[in-house]
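Each remark here refers to the structure printed beneath this line.
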Amino acid sequence: MLTPVVPLFPGFARHYPAMPRYDFRRIESRWQQYWEQHQTFRVQDCVADRPKLYVLDMFPYPSGEGLHVGHPEGYTATDIVCRYSRMRGKNVLHPMGWDAFGLPAEEFARRMNVHPRIKTEQNINTFRKQLKMLGFSYDWSRELSTTDPDYYRWTQWIFLQIYDTWYDAGCVWTGPDGVQRRGRGRPISELPIPAAVAAAGQSAVRRYQDQHRLAVLTEAPVNWCPELGTVLANEEVVDGVSERGGHPVVRMNLKQWMLRISLYGDRLLDELADLSWPESIKLMQRNWIGRSIGAEVDFRVASSADSQSAWQTGRASAGFPMRPEADVIRIYTTRPDTLYGVTYMVLSPEHPLVDQLTTPQQQQSVQQYRQQASLKSELERTDLAKTKSGVFTGSYAINPVNGQPVPVWIADYVLISYGTGAIMAVPGHDERDYEFARQYQIPIVQVVAAAAADGPQADLSQAAFCELGVAINSGPWDGMPTEDVKQRITADLAARGLGREAVNFRLRDWLFSRQRYWGEPFPIWHELDEQGQPTGLLRADPVETLPVLHPHVEDFKPTGTPEPMLSKATSDWLYRTAEDGVRLKRETNSMPQWAGSCWYYLRFCDNRNSQQFIDPEKERYWLPVDLYVGGAEHAVLHLLYSRFWHKVLFDRGHVTHPEPFRRLVNQGMILGENGEKMSKSRGNVVNPEQVVNDRGADALRLYEMFMGPLEQVKPWQTSGVEGVYRFLSRVWRMIVDDRAEQVVLDSAVQDIPATPEQLRVLHRTIRAVTDDIERMAFNTAISRMMEFTNAMSDQEVLAKSVLEQFVLLLSPFAPHLAEELWFALGHAETLAYEPWPVADPQWLVEDSVEVPVQVNGKLRARLVVPAGTTGEVLQATAEADETVRRQLEGKTVVRVIVVPGRLVNFVVK
RNA sequence: GCCGGAGUGGCGAAAUGGCAGACGCGCCGGAUUCAAAAUCCGGUAUGGGUAAAACCAUGUGUGGGUUCGAGUCCCACCUCCGGUACCA
């Protein structure tokens, strides 16, 4: 019986061709057109009667190279989840956009002298076209690019929010999520002004406020790359040259914007706990934040303990000061328990006390050493392989716990940017100090002994002993465990005004300015004095004047100096006179590429809003992102920066959830066929567009999911694409008569009740595929569908109803083919919102099960018994089995383990 | 160095502590064909054994351990991949 394909869509009928074989080209373009014309995936905001699901891909940088096979991997995974979830009745937000600022377009502009916007738009068009070829169910009406003035207007607005915020570390408050927190970003207008500052006048108050903002201009050592014409973030410098292009990078001090992310260190750390992120990523963030607890301790500079007791008496009554006296070195240590083992101290070469502490005899060598250190790059200084170096300053400081004078050195293994820039050195119990002490024959004293005889032992002639243990040679603390000594010695120092508990973060503030053209301009002006010199006072653009657009420039060549590209603008962009007559010059730095990607997930919820960056109602409805999928390369920076911005917005009441991304999944990298990273230079790059042309988007999607677990790194195999393509062809032929002229159902497909066997196979498949999608185990879901087609291949007659259910299961994976088959099965509308099949438990129970029989854990027989066979019967059946009997012969059965339905195991002697 | 993750057929892989290798690729054999492509059917861990089976032994990086039973849990080690780099 031939079932003619009935209702064709208006417009489709005319093009309906003879299609004997699986013609993916026709099928795919037809359905892509259909989805676009019918706006199938357009999503409504704030739908009350359906649960929302926000599924987000890390949006790509639209490079000139076009799509890479790595892109469709995560995008297919999220697309499957989205299509599946829609069929499960969820209201799904699934958007796509472009992280389109960045240096490549600017470099292209410089070479070809065309505006970077032009090249960027071309690249975006290529990317969009390529993504649309893959049939992703994005709501394209929500598309955005970080380079759209309508978008970066709000990036600038958020910057101004950050600029307008100071961090009140002691503030205890309860957010809209009902959780009590300590520490809150508050409006700068609420910053308490000390009386002395207030008395000094308005400009002093403004300067005081400026120092406390979350966005501050500071003189900072930066990586300046003359060739690229910009400063680079540390992560953009590899082995002393720029990551992009390999150009030399020099260190220099420049006025730069810093965002004070480190103030949020505690919250960024603590609030990781509840996120459904891979533990490894959480750990990387924890390590990056690097919170440590220890003590700050003051060492007074003096060559003898003479006046020490007077100073200590003063401290005991006055307490530990905010800032130490001019002759006091403040150090940070995580091992205050080793204070009795201090045999020298080290200041970083940049430490402000160095000049003061250097004695005339040491002047020359100290000068020389500082000079050398300043010339070294960060990398040279932090090269672990090199031997340690340093110079004695000639001065001594008094150890506050025992009154011992210890020599003060400078050495570049101590960094000015961490802790207090000075350390107490305990060579007996710190590897670095040990190495240094050996180098310069400084005494090594043991103050910690192994706690247990069977644990690691101390042998200070060989190496430092860095384990915990018990105190020795430590005065009153002898015999006490390390942890206790830490606590008590810190408390003791605090009581005497000589130290205090302190917390430090490895996390540094975020260098937030670049000297590029193709980034967001800052909405900030510098006030100028009569001579046209900056006074150091700043003014923000009023928010209603945003965006600050890019100026016209004649060319895109770097200035060749640290002067930003935007300073090449004409003076009408650069200067203006304020209403009060003050001359203003624009900030000419631009924001780094991270800025736009910090908040795009918010804008997708409301990308056309011209009044607000997001409508609060939409924010409450869509946020947080339920599933965020992208590469692990963004494990730290992007995800940390985004979380930071989100928390500032949260503190300022602009968003209602403390975290932006509830669940995170990292897709594994796809390697080339040779198992190496794909790259042009290795010649192993696979072009997805080519694969789509050869085998179709459905085959590409299916293959990318079939390769292995999503999170895993896996090599590409073109023959594997062939395999899934064959599967799709088999599915096609299972349903469609491939010898007919028109698309008609295969004669085996009939509108009759399904056989019990077919129903069992179908419902097992439904259950397995559903479970696998829930687990994001797409590779095994596909295996299950292959098993389904294998099982159906020997059926003479196939019930149409079974195939319909199967087509629905297949649809999230191979949506074009599934739509076409759904259509061929007689349905007039898209299957995108058909209810997801439900496994009927009736068809999941087995009639009989195969149970393995083991003797001493070794497989000896397999029994086929009715489902539900009791343990006794199972054991009796096993004992009756020929092979088992032979194995048991002449042996004593010690024990029998029977797990009904699972196994029998005889333990014999 | 430190912190993660992973090591299973020729290859990609699968396996709530309970039949290792599902599914796919490749390969071998067969059907179809004048022939080929495509398609379909069967086989495919290793060694022994058999005419063929049955059957026996071995097998999840290495070495130990826990358990009636370990790819899975524990300890030590090796290799590869990713992150990080003197953070006191």
Side-chain angles (χ1 to χ4, degrees), chain A residues 21 278-284 286-288 290-292 294 331-335 338 346 348 378-379 381-386 388 411-415 417-426 429-433 435-436 504-508 632-633 635-636 666 668-669 671 673 675 677 702-703 706-709 711-724 726-727 729-730 733 738 777 779-787 790 793-794 850-863 882-883 886 894-899 901-908:
Chain A
R21 294 268 161 123
E279 279 309 314
S280 58
I281 300 291
K282 288 197 201 178
L283 193 73
M284 279 164 69
R286 287 195 188 104
N287 290 343
W288 190 265
R291 187 184 136 106
S292 72
I331 60 93
Y332 173 74
T333 178
T334 55
R335 290 295 302 272
T338 59
V346 185
S348 147
E378 185 91 338
L379 187 95
R381 279 187 57 163
T382 58
D383 182 5
L384 272 174
K386 85 174 165 55
K388 299 220 167 0
D412 66 2
Y413 80 90
V414 172
L415 309 175
S417 50
Y418 184 78
T420 59
I423 62 157
M424 64 180 211
V426 186
H429 306 284
D430 181 282
E431 274 179 44
R432 299 151 297 180
D433 298 344
E435 197 191 318
F436 190 85
N504 255 299
F505 291 93
R506 205 194 80 114
L507 179 66
R508 300 296 154 76
E633 67 273 19
V636 175
N666 293 117
M669 204 187 346
L671 306 173
E673 248 170 314
K677 212 169 183 165
L702 209 62
Y703 174 63
F706 187 62
M707 292 171 84
E711 296 89 337
Q712 198 166 300
V713 176
K714 39 207 178 277
W716 181 270
Q717 284 185 311
T718 297
S719 58
V721 184
E722 203 61 34
V724 294
R726 286 209 279 258
F727 163 68
S729 309
R730 265 201 303 279
R733 285 195 310 271
D738 64 329
N779 53 332
T780 50
I782 294 165
S783 298
R784 297 305 198 136
M785 291 188 283
M786 288 173 168
E787 285 177 307
N790 291 347
S793 67
D794 59 358
E850 200 183 59
V851 177
V853 181
Q854 301 178 338
V855 176
N856 284 344
K858 287 205 173 97
L859 179 72
R860 293 303 173 186
R862 297 156 207 237
L863 307 173
E882 172 62 27
T883 324
R886 204 162 1 108
V894 185
R895 204 177 145 189
V896 186
I897 286 113
V898 183
V899 185
R902 300 292 309 190
L903 113 161
V904 182
N905 187 12
F906 294 95
V907 186
V908 302

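Naming convention: chains lettered A, B, ... in sequence-line order (proteins, then strands); numbering from 1 in each chain.
Applying the 90° cutoff around 0 to the glycosidic angle, B/G9 is assigned syn.
Separating the P atom of B/U44 from that of B/A54 is a span of 10 Å, rounded to the nearest Å. B/C81 and B/A45 are spaced 31 Å apart, taking the P atom of each and rounding to whole Å. Nucleotides B/G63 and B/A70 are separated by 15 Å at their P atoms, to the nearest Å. Comparing the C1' positions of B/A35 and B/C23 gives a spacing of 33 Å, expressed to the nearest Å.
For the pair A/Gln712 and B/G5, the criterion of a side-chain N or O lying under 4.0 Å from OP1 or OP2 is not met. Distances shorter than 4.0 Å separate some side-chain N or O of A/Arg726 from OP1 or OP2 on B/C25. Considering only side-chain N and O atoms, A/Arg733 lies under 4.0 angstrom from the phosphate OP1 or OP2 of B/C40. Dashed line: the shortest gap from a side-chain N or O of A/Ser348 to OP1 or OP2 of B/C86 is not under 4.0 Å. In this structure, A/Arg895 reaches the B/C68 phosphate: one of its side-chain N or O atoms is under 4.0 Å from OP1 or OP2.
Remark: the backbone N or O of A/Gln717 is paired with a side-chain donor or acceptor of A/Tyr703 at under 3.5 angstrom. Panel note: side chain A/Asp430, backbone A/Ala425; no donor-acceptor pair is recorded below 3.5 Å. One N or O on the side chain of A/Asp433 and one on the backbone of A/Val426 form a donor-acceptor pair closer than 3.5 Å. A/Glu673 contributes a side-chain N or O that, together with a main-chain N or O of A/Thr718, makes up a donor-acceptor pair within less than 3.5 Å.
When distances run from any side-chain atom of A/Arg730 to the nucleotides B/G18, B/C40, B/G4, the shortest one goes to B/C40. The A/Gln717 side chain lies nearest to B/G24 when the options are B/G24, B/U16, B/A88. Side chain of A/Arg506, nearest nucleotide from B/C23, B/A85, B/C86: B/A85. Each of B/A38, B/C25, B/G12 was ranked by its minimum atom distance to the side chain of A/Ser719; first place goes to B/C25. Listed nucleotides: B/A88, B/G12, B/C86. Nearest to the side chain of A/Tyr413: B/C86. Between B/A13, B/C3, B/G18, one nucleotide has an atom nearer to the side chain of A/Asn287 than all others, and that is B/C3. For A/Lys388, counting side-chain heavy atoms from C-beta on, the closest listed nucleotide (B/G12, B/C86, B/A88) is B/C86. Here B/C19 is the nucleotide among B/A88, B/C19, B/C86 with the atom lying nearest to any side-chain atom of A/Glu850. Considering only side-chain atoms of A/Met786, the nucleotide from B/C41, B/C23, B/A88 that sits closest is B/C23. Nearest nucleotide to the side chain of A/Asp412, out of B/G18, B/C86, B/A38: B/C86.
Taking atom CG on A/Asn856 and atom C1' on B/A70, their separation rounds to 16 Å, with Å as the unit. Distance CD (A/Glu722) to C1' (B/A37): 12 Å, rounded to an integer number of Å. Atom pair A/Met284:CE and B/G5:C1' shows a separation of 11 Å (rounding to whole Å applied). In this entry the distance linking CD1 of A/Ile782 with C1' of B/C23 reads 10 Å, nearest Å. Distance, A/Met669 CE to B/C80 C1': 13 Å, rounded to whole Å. In this structure, CG of A/Asp430 is placed 14 Å from C1' of B/G1, rounded to the nearest angstrom. Between the NZ atom of A/Lys282 and the P atom of B/U84 there is a distance of 20 Å, rounded to whole Å. Look at OH on A/Tyr703: it is 14 Å from C1' on B/C23, rounded to the nearest Å.
Across all strands, A/Glu787 comes closer than 4.0 Å only to sugar-phosphate atoms, never to a base (heavy-atom distances). Nucleic acid contact for A/Arg784: none, since no nucleic acid atom lies under 4.0 Å from a heavy atom of the residue. Looking at heavy-atom distances under 4.0 Å, A/Leu283 makes contact with sugar-phosphate atoms alone, never a base. Nucleic acid contact for A/Asn790: sugar-phosphate only, since backbone atoms but no base atoms lie under 4.0 Å from a heavy atom of the residue. Among the atoms of the strands shown, only primed sugar atoms or phosphate atoms (P, OP1, OP2) are found under 4.0 Å from some heavy atom of A/Ser292. Using a 4.0 Å heavy-atom criterion, one finds that A/Asn779 contacts the sugar-phosphate atoms exclusively.
Note that CD of A/Glu279 and NZ of A/Lys282 are 4.5 Å apart. Values are rounded to the nearest 0.5 Å.
When both distances must be under 3.5 Å, the Watson-Crick or G-U wobble mate of B/U67 does not exist.
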Spell out protein contact along nucleotides 52-57 of chain B as letters: B when the base is contacted, S when just the sugar-phosphate is, - when no protein heavy atom is under 4.0 Å; keep the 5' to 3' order. ----SS
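Using bins of under 30°, 30° to 60° and over 60° for the plane-to-plane angle, the ring pair A/Tyr413/A/Phe436 lands in the tilted bin.
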